[in-house]
Amino acid sequence: KEQVEEGGVFTDCSPDLQIEYYEVQPLALPVITPADGSEFYEDSCTVSITCETEGATIYYTTDGTTPRPKPANLYSGPFEIIDTTTVKAIAVKEDERTDPVSATIVKKEIVLAEPVITPTDGSEFFEDSCTVTISCATEGASIYYVVCDTNNVTNPRPSDRNLYTG
């Protein structure tokens with residue numbers, strides 16, 4: 001007998017027989033943002049995990065171990081990390097579970113070269129004026145300075161700082 005497909009239902013030419021079929025979508029892998037190998041320089045970094053499969057539940061760990069589907073590992077929303085961290089995640093829906101995905105997010109420390117002031121402190125004495133230059137070997141560094149009176153050499157307040165423009 002001939003079968004005709006009608007939007008998800010196969011209908012045999014006899015009106016008494018119908019076979020329904022459903023397309024099963026595979027469970028999508030979770031996506032960790034920021035991606036593996038990403039770096040951050042701030043005090044903390046926000047991590048989020050998503051899954052394109054509707055109704056999937058995400059479980060994760062931040063210690064590099066493979067997550068298990070238990071309440072302590074349940075992902076409920078973005079979270080902060082403050083140091084280099086390996087995040088692993090799985091997605092679960094009904095009896096199906098994905099393989100773990102992972103992302104190691106690296107905390108980078110900014111190391112600045114010390115500014116160089118010319119002329120150096122005490123190298124020469126000028127009665128009227130002198131030109132002072134300040135440089136720093138760290139590319140893109142902003143240099144701030146404070147002019148202190150020799151009679152008032154105290155710790156400058158942040159509001160006393162000036163941005164050096166050359």
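Just so you know, residue 1 is the first one in the sequence shown, and it goes up from there.
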What pair of heavy atoms forms the shortest contact from [X] to [Y], and how long is it?
X	Y	answer
Leu27	Ala56	CD1-CB, 3.9 Å
Ala141	Cys136	CB-SG, 4.1 Å
Ala113	Thr138	N-OG1, 2.6 Å
Ile32	Val87	CD1-O, 3.5 Å
Ala35	Ile105	O-CG1, 4.4 Å

Worksheet item: Would Val47 end up clustered with Val101 when hydrophobic side chains under 4.5 Å apart are linked, directly or stepwise?
Response: yes
Fill in: In one Ile/Leu/Val/Met/Phe/Trp/Tyr side-chain cluster, 4.5 Å: Leu112, Tyr41
yes
When rounded to the nearest 0.5 angstrom, what distance separates [atom1] in [X] from [atom2] in [Y]?
X	Y	atom1	atom2	result
Ile90	Asn73	CD1	CG	8.0 Å
Cys51	Leu29	SG	CG	8.0 Å
Ile82	Cys45	CD1	SG	12.0 Å
Thr61	Arg68	OG1	CZ	11.5 Å
Ile49	Lys88	CD1	NZ	13.0 Å

Fill in: Evaluation steps, side-chain contact (heavy atoms from CB on, under 4.5 Å), between Leu74 and Thr57
CA-CA 8 Å; Leu74 179 64; Thr57 303; 3.3 Å; yes
[X], [atom1] atom: more than 12 neighbouring heavy atoms under 6.0 Å:
X	atom1	value
Asp63	CG	yes
Glu52	CD	no
Ile134	CD1	yes

Item to complete: Return the set of residues passing side-chain contact (heavy atoms from CB on, under 4.5 Å) with Glu80 (not counting sequence neighbours), or none when no residue passes.
Response: Ser44, Thr46
Item to complete: For Thr85 and Asp83, indicate whether the former's side chain and the latter's backbone hold a donor-acceptor pair under 3.5 Å.
Response: yes
Worksheet item: Tell me, which pairs form a ring-ring contact (aromatic ring centres under 6.0 Å, His included) where one or both residues lie in residues 71-108, sequence neighbours left out?
Response: Tyr60-Tyr75, Tyr60-Phe79
Discussion item. Strictly by side chain to side chain donor-acceptor pair (under 3.5 Å), give each pair with a member in residues 97-118 just once, sequence neighbours left out.
Written reply: Thr86-Thr104
Worksheet item: Should Val106 and Phe40 be marked as a side-chain contact (heavy atoms from CB on, under 4.5 Å) after you check the CA-CA gap, both sets of side-chain angles, and the distance that decides it?
Response: CA-CA 6 Å; Val106 180; Phe40 68 100; over 6 Å; no
